[in-house]
Every structure is written in C-alpha cells, then in structure tokens.
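Right, one structure below, let's go through it.
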Amino acid sequence: MLQHYHIYRDDLLNFVTCANFCAEKTDGSVHPVWKAAAECNTVQNLPLRELVSLDRVYPAKGNDVWIVENSGVCSTLLDYEPAIPIICTNGQFKLPQIDSIYS
C-alpha cells in the first residue's frame, strides 16, 4: 500500500548493484547517467529512490542479462568481460533488484 503512494521504506540504502544497462525516464528519454555508465562499463549501486522514476531498464548491448548473488563473482566476471549486462543481488533479492529485472 505504501508503494502505491510512492512511499518507500529506506529508499536510499535499499539498492541494486549493476553494470552495463541503459534506462529510460517516464518521458521516454534515455537517462544520461545510465548511458554514460554503460559507455564506460561503470558498476553502479542504484538506490530504490532513483529506480522508481524510470520507465524501462534494458541491457546496453544484446539481450542476455547475468544475475549473480555474490559480489566477488560479479567483480570477477566484469574483470573477464567488462561489457556484460550484470546484476548482483548481494544475497536475497530486495525490491530494487526485482524492480530492475522486471522493468
């Protein structure tokens, strides 16, 4: 019910770690921060507060998405292939991770 009224519990520290994704804002424009991060293969910790303003999240290249639980595994995969679209759940799924997967 709180989410329906855009009230989120801990919307700054509830985040998803990901790399190599693009995102569109609700007006259909590409989000410039996501675009720049994907161009530089930058890993992002994105809080729920930033995710709720997005309309769509998608891989910067291709259609495949890697989802891993362990941050060490995530980092090693990015060392091997810096451009893979990857989400690190850091344990159990939290709302931002579920939101980014289903965007």
Side-chain angles (χ1 to χ4, degrees):
M1 185 165 115
L2 293 175
Q3 184 176 344
H4 177 75
Y5 293 100
H6 305 288
I7 300 170
Y8 301 96
R9 225 173 87 193
D10 202 6
D11 65 346
L12 289 178
L13 292 178
N14 201 353
F15 63 89
V16 62
T17 302
C18 63
N20 303 307
F21 287 90
C22 287
E24 292 177 3
K25 299 188 275 184
T26 54
D27 65 3
S29 64
V30 175
H31 195 293
V33 172
W34 286 68
K35 181 180 178 189
E39 289 171 354
C40 298
N41 302 123
T42 299
V43 176
Q44 302 181 87
N45 283 332
L46 296 155
L48 181 58
R49 180 179 182 89
E50 296 301 323
L51 292 173
V52 296
S53 65
L54 302 175
D55 189 49
R56 184 172 171 240
V57 176
Y58 53 93
K61 295 177 186 170
N63 294 315
D64 295 332
V65 174
W66 289 67
I67 301 174
V68 297
E69 178 184 17
N70 183 284
S71 61
V73 171
C74 182
S75 184
T76 299
L77 289 169
L78 286 167
D79 288 342
Y80 178 74
E81 182 55 55
I84 60 170
I86 192 164
I87 297 171
C88 183
T89 65
N90 298 306
Q92 288 188 323
F93 278 81
K94 296 181 275 187
L95 183 58
Q97 293 145 350
I98 293 168
D99 187 50
S100 64
I101 291 168
Y102 291 105
S103 292

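What's counted below: heavy atoms across the whole structure, side chains too, no hydrogens, waters or symmetry copies.
Residues Val57 and Val16 share a single hydrophobic cluster, defined by chaining ILVMFWY side chains whose heavy atoms lie under 4.5 Å apart. Residue Val65 is grouped with residue Leu51 when hydrophobic side chains (ILVMFWY) are merged at heavy-atom distances under 4.5 angstrom, including chains of intermediate members. Hydrophobic clustering (ILVMFWY, side-chain heavy atoms < 4.5 Å, transitive): Val43 and Leu48 are in distinct clusters. By the criterion of side-chain heavy atoms lying less than 4.5 angstrom apart, applied directly or through intervening Ile, Leu, Val, Met, Phe, Trp or Tyr residues, Ile87 is grouped together with Leu54 in one hydrophobic cluster.
Within a 6.0 Å radius of NZ in Lys61, other residues, nucleotides and ligands contribute 12 heavy atoms or fewer. Atom CG of Asp79 is surrounded by more than 12 heavy atoms from other residues, nucleotides or ligands within 6.0 Å.
Looking at Val33 and Gln44, their side chains come closer than 4.5 Å, going by heavy atoms from C-beta outward. Residues Asn41 and Leu78 form no side-chain contact, since every pair of their non-hydrogen atoms from C-beta on lies 4.5 Å or further apart. Using a 4.5 Å cut-off on side-chain heavy atoms (C-beta onward), Tyr58 and Glu24 make contact.
With hydrogens and angles ignored, the 3.5 Å screen pairs no side-chain donor or acceptor of Ser75 with any backbone N or O of Ser71.
Between atom CD1 of residue Ile67 and atom SG of residue Cys88 there is a gap of 11.0 Å, rounded to the nearest 0.5 Å.
Between the side chains of Thr26 and Asp55, not a single donor N or O lies within less than 3.5 Å of an accepting N or O.
For Trp34 against Ala23, the heavy-atom pair with the smallest separation is CD2-CB, 3.5 Å. What you find for Asn45 and Phe15 is that their closest heavy atoms are OD1-CE1, 3.7 Å. Looking at every heavy atom in both residues, Asp27 comes nearest to Ser29 through OD1-OG, 2.7 Å. Across all their heavy atoms, Gly72 and Asn70 have their closest contact at N-OD1, 2.7 Å.
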